[in-house]
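Worksheet: the structure to be examined is printed underneath.
Nothing here was measured: the structure is a model prediction, and the numbers come from that model.
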Amino acid sequence: MRPDLHCHSLFSDGSHEPEFVVDRAVANGITHLALTDHDCINGLTRAFSHARGSDLAVIPGVEISSCWERQEIHIVGLLIDPFDTGLTGLLDQQQGKRRSRIERIAGLMSGRGVEGLSDYMASLGSVAPGRSHVADFLVKRGLCTRRSSAFRLLGMHGPYYSEAQWCGMEQAVAAIQASGGLAVLAHPAAYRLGKQKLRRLVSDFCDAGGDAMEVCYGNCDAATVNTLAQLCLEAKLWASAGSDFHNAAATWTDIGKFPRLPAMCEEKAIWLNPGFVSSEH
């Protein structure tokens, strides 16, 4: 197996159609691909359909934005049931919160003489709009030179800051598992927590019933992988891995481009979990 269990399409904040993502996975020799769009599952049907007849197994997935200690934490769901009403109901709520947040940001921009965000967002076709889209808007309008500077304007101390109102981490885990899926703590080191707070996050995720954590992901260095591997084993979680692919133009990432699971975690690879089965495609 050569799995990639975390990637995105344009239905959330990715840059490509689900068909492109599938073709990219096939070209890169991936055997199992999880499409895990933010707070939506709209691309799954197209991914399944396009993969039919290939050697690629598409894993139904999602990445839910949640709140833990007033911080945004992402929970990946693998092998979910896309027709589970509890899960789809939560995702509908999350999408509504995303649209409301964008409206609040548009209002803040309008108050400073920046118009056009709502029209720009409507042109994208994303069902789960987020701050990355707003950052792209600011760059395209010439108000920022790059995404990083745009995110400073959207951050807590910036003029366009609007606090997210996500579901709780426990609710995200419960919804994923109630749909038959496995709940995975996404890119734990990306939240820039100190060592003690990171341990507390992993502990609280375990207390919420979480199944696994990502040990390897795109742009993750060896020292970070080793730290996460040790945390994973201490917490007795399964180990997951994925590129977090968004855009083929980003040279630092690609489908299948992430470090291997360390030897210490090989027996805890999530694809060895008895509940992990290949999806029909």
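Test R46, R24, H50 against E19 for side-chain hydrogen bond (donor to acceptor under 3.5 Å, both in side chains) and you get one pass: R46.
No side-chain donor from either of N247 and H8 sits under 3.5 Å from a side-chain acceptor of the other. Counted by atom type alone, D13 and H133 present zero donor-acceptor pairs between their side chains at under 3.5 Å. Side chain to side chain, S179 and D81 fail the donor-acceptor criterion of an N or O pair below 3.5 Å.
Between I59 atom CD1 and I80 atom CD1 the span is 11.0 Å, to the nearest 0.5 Å. Note: T36 OG1 to H6 NE2 = 4.0 Å, rounded to the nearest 0.5 Å.
C216 places a side-chain heavy atom less than 4.5 Å from the side chain of P262.
Panel note: side chain N28, backbone I255; a donor-acceptor pair is recorded below 3.5 Å. Side-chain atoms of S126 come within 3.5 Å of backbone N or O of F11 as a donor-acceptor pair.
Aromatic ring pairs are classed by plane angle as parallel below 30°, tilted from 30° to 60° and perpendicular above 60°; the pair H187 and H74 is perpendicular. Between F20 and H16, the ring planes are parallel. Angles under 30° get that label, and only those over 60° would be called perpendicular.
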Point to revise | Test log, rule side-chain contact (heavy atoms from CB on, under 4.5 Å), inputs E115 and M109 | key: CA-CA 7 Å; E115 305 289 350; M109 288 185 172; over 6 Å; no
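Residues W166 and D39 approach most closely at CZ3-OD2, 4.2 Å, considering heavy atoms.
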